[in-house]
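Whatever order the structure lists them in is the order used to number ligands and atoms, beginning at 1. For the single chain, residues carry numbers from 1 onward in sequence order.
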Amino acid sequence: MKTFPSLLIFFFGILAVQAQNHSHTGAQPLDYPDIEGYKTLKTDLHQHSVFSDGNVWPTIRVQEALRENLDAISLTEHLEYQPHKEDIPHPDRNRSFELVKAMEEAAAHDLLIVHGSEITRSEPVGHSNAIFITDANPLLQDKPEDAFAAAKKQNAFVFWNHTAWHRQSPKGTPILSDFQKARIKNGELHGIEVINTVDYSAEALTLALEQNLTIMGTSDIHGLIDWDYTEKGNHRPITLVFAKEKSSESLREALFAGRTVAVYNDLLVGKEEFLKPLLKASIEIVTAEYIEDTQVLKVELTNISSSDLLFENQMEYTFYSKSPVFEIPAGATETLQIKTLEKKSSITVKLKALGCFTAPKVQPVVEWEVPVN
Ligand code: ZN
């Protein structure tokens with residue numbers, strides 16, 4: 001009988017601690033390391049609610065974001081498409097933003113809420129998100145060029161959505177139209193989704209690099225993150241943004257400067273100057289020591305990111321008892337046994353990240369300088 005009350009106390013103790021921490025367990029919180037000089041912000045800047053063609057109340061988006069440990073979200077309702085308007089009449093296109101912005105829970109967890117809207121037209125204009133707007137209503141215009149001009153007036157960051165959507169582009173490849181060329185020239189289009197929902201477009205990455213557009217990845221969620229992604233064993237697609245600090249203004253500055261990596265599970269896409277430091281920071285060297293009486297160097301690597309990372313050995317040395325192609329799952333530690341032939345006091349571990357792209361078909365090679373114990 002003695003253990004029973006103490007067990008009870010133990011359980012209540014746990015409950016009390018959980019209530020205090022107010023943690024959002026049950027989901028899979030996302031984690032990516034900072035890179036030198038910048039904070040890595042986890043963002044999903046393309047989402048919907050019942051205020052356009054989504055199926056949930058806007059506040060659900062905040063709760064989902066907190067469960068996944070995101071730093072910033074935007075609800076980007078279609079300005080021109082409101083299938084629920086008979087039930088939810090909402091002439092003010094700012095309404096879903098205001099509902100979310102007013103949530104104490106968002107403020108308490110320091111979740112940045114970015115004001116956005118989706119400019120929605122058929123081809124060749126297509127769909128684009130304007131974010132960091134101050135008022136969505138002036139973006140509702142007859143002519144799409146007037147909508148983009150109104151967004152520019154508000155200093156919005158504008159990105160081209162699901163460019164490779166087969167319903168708009170039957171070949172599944174993006175077509176850069178004269179309309180978009182004019183928007184880029186006018187400084188009215190600044191980014192492009194290379195990952196939208198589960199679709200990665202290598203052609204969109206080509207456009208991003210050619211046109212110097214910011215590389216974006218978004219969930220474009222209409223239903224529930226849990227149903228569409230988590231329970232299928234996936235994370236939602238996100239954009240990692242390398243900001244000087246965690247604030248809306250820094251986030252905006254970083255997006256205009258193109259400091260991003262788009263992520264969907266084990267696929268990471270970004271400019272080399274940001275993807276390489278991210279990968280470098282994602283792998284921590286735990287130990288490096290020779291197996292006793294051998295010239296085989298044992299190096300333990302831990303992947304501290306939320307993406308499983310697939311690597312290929314690029315060193316002049318071969319491995320003992322491991323394939324030259326190997327995975328380090330998210331959060332896991334793997335051991336390499338490197339045959340250095342003679343004992344070294346330090347080594348450069350050099351690996352190609354096979355699931356990562358700095359350009360179509362181009363995977364970054366990352367180096368870690370490792371002192372030997
Ligand atoms: Zn959308």
Side-chain angles (χ1 to χ4, degrees), residues 43-58 60-62 64-65 70 72-85 88 90 93-97 99-100 113-133 136-137 139-141 144 147-148 150-151 156-169 172 174-175 177 179-180 183 188-201 204 207-208 213-225 227-229 234 236-239 255 260 262-264:
T43 73
D44 184 3
L45 302 171
H46 184 174
Q47 304 188 52
H48 296 276
S49 79
V50 286
F51 282 79
S52 59
D53 59 345
N55 302 313
V56 305
W57 195 251
I60 295 291
R61 297 297 178 223
V62 166
E64 286 175 330
L70 297 189
I73 60 167
S74 185
L75 269 64
T76 47
E77 312 293 0
H78 296 285
L79 287 160
E80 304 85 350
Y81 182 51
Q82 303 181 311
H84 305 300
K85 72 175 165 201
I88 308 166
H90 43 96
R93 298 302 199 280
N94 298 305
R95 191 61 190 143
S96 79
F97 167 73
L99 286 167
V100 166
I113 309 291
V114 178
H115 195 356
S117 270
E118 184 161 5
I119 302 166
T120 315
R121 305 297 160 101
S122 51
E123 291 293 287
V125 175
H127 297 192
S128 294
N129 281 335
I131 59 172
F132 296 101
I133 56 174
N137 295 318
L139 273 63
L140 191 59
Q141 297 281 343
F148 279 78
F157 174 83
V158 182
F159 59 98
W160 185 14
N161 301 341
H162 46 71
T163 59
W165 189 24
H166 59 77
R167 286 220 215 133
Q168 289 189 335
S169 173
I175 300 158
S177 69
F179 180 84
Q180 275 118 17
R183 301 287 80 69
E188 294 169 351
L189 184 61
H190 316 101
I192 183 170
E193 286 180 344
V194 301
I195 301 172
N196 173 284
T197 61
V198 299
D199 301 319
Y200 162 57
S201 167
L207 278 180
L213 298 170
T214 300
I215 292 167
M216 306 290 292
T218 70
S219 71
D220 198 357
I221 187 73
H222 289 72
L224 288 171
I225 289 289
W227 290 3
D228 285 10
Y229 295 103
N234 298 314
R236 75 166 94 194
I238 56 170
T239 307
L255 285 168
T260 61
V263 181
Y264 180 48

Tell me if the aromatic rings of H90 and H84 count as close, with their centers under 6.0 Å from one another. no
Any N/O/S of H162 under 2.8 Å from the Zn ion (ligand 1)? no
Checking only N/O/S atoms, does H78 have one that is under 2.8 Å from the Zn ion (ligand 1)? no
Between S49 and E77, a side-chain donor and acceptor under 3.5 Å: yes
Taking atom types as modelled, is there a side-chain donor on N94 or H115 under 3.5 Å from an acceptor on the other? yes
To check your reading of the site, what angle at the Zn ion (ligand 1) do OE1 of E118 and NE2 of H46 form, to 10°? 90°
Applying side-chain hydrogen bond (donor to acceptor under 3.5 Å, both in side chains) between E193 and each of T214, T239, T218, report the one that passes. T218
min-distance N/O/S atom, D220 vs the Zn ion (ligand 1), resolves to OD1
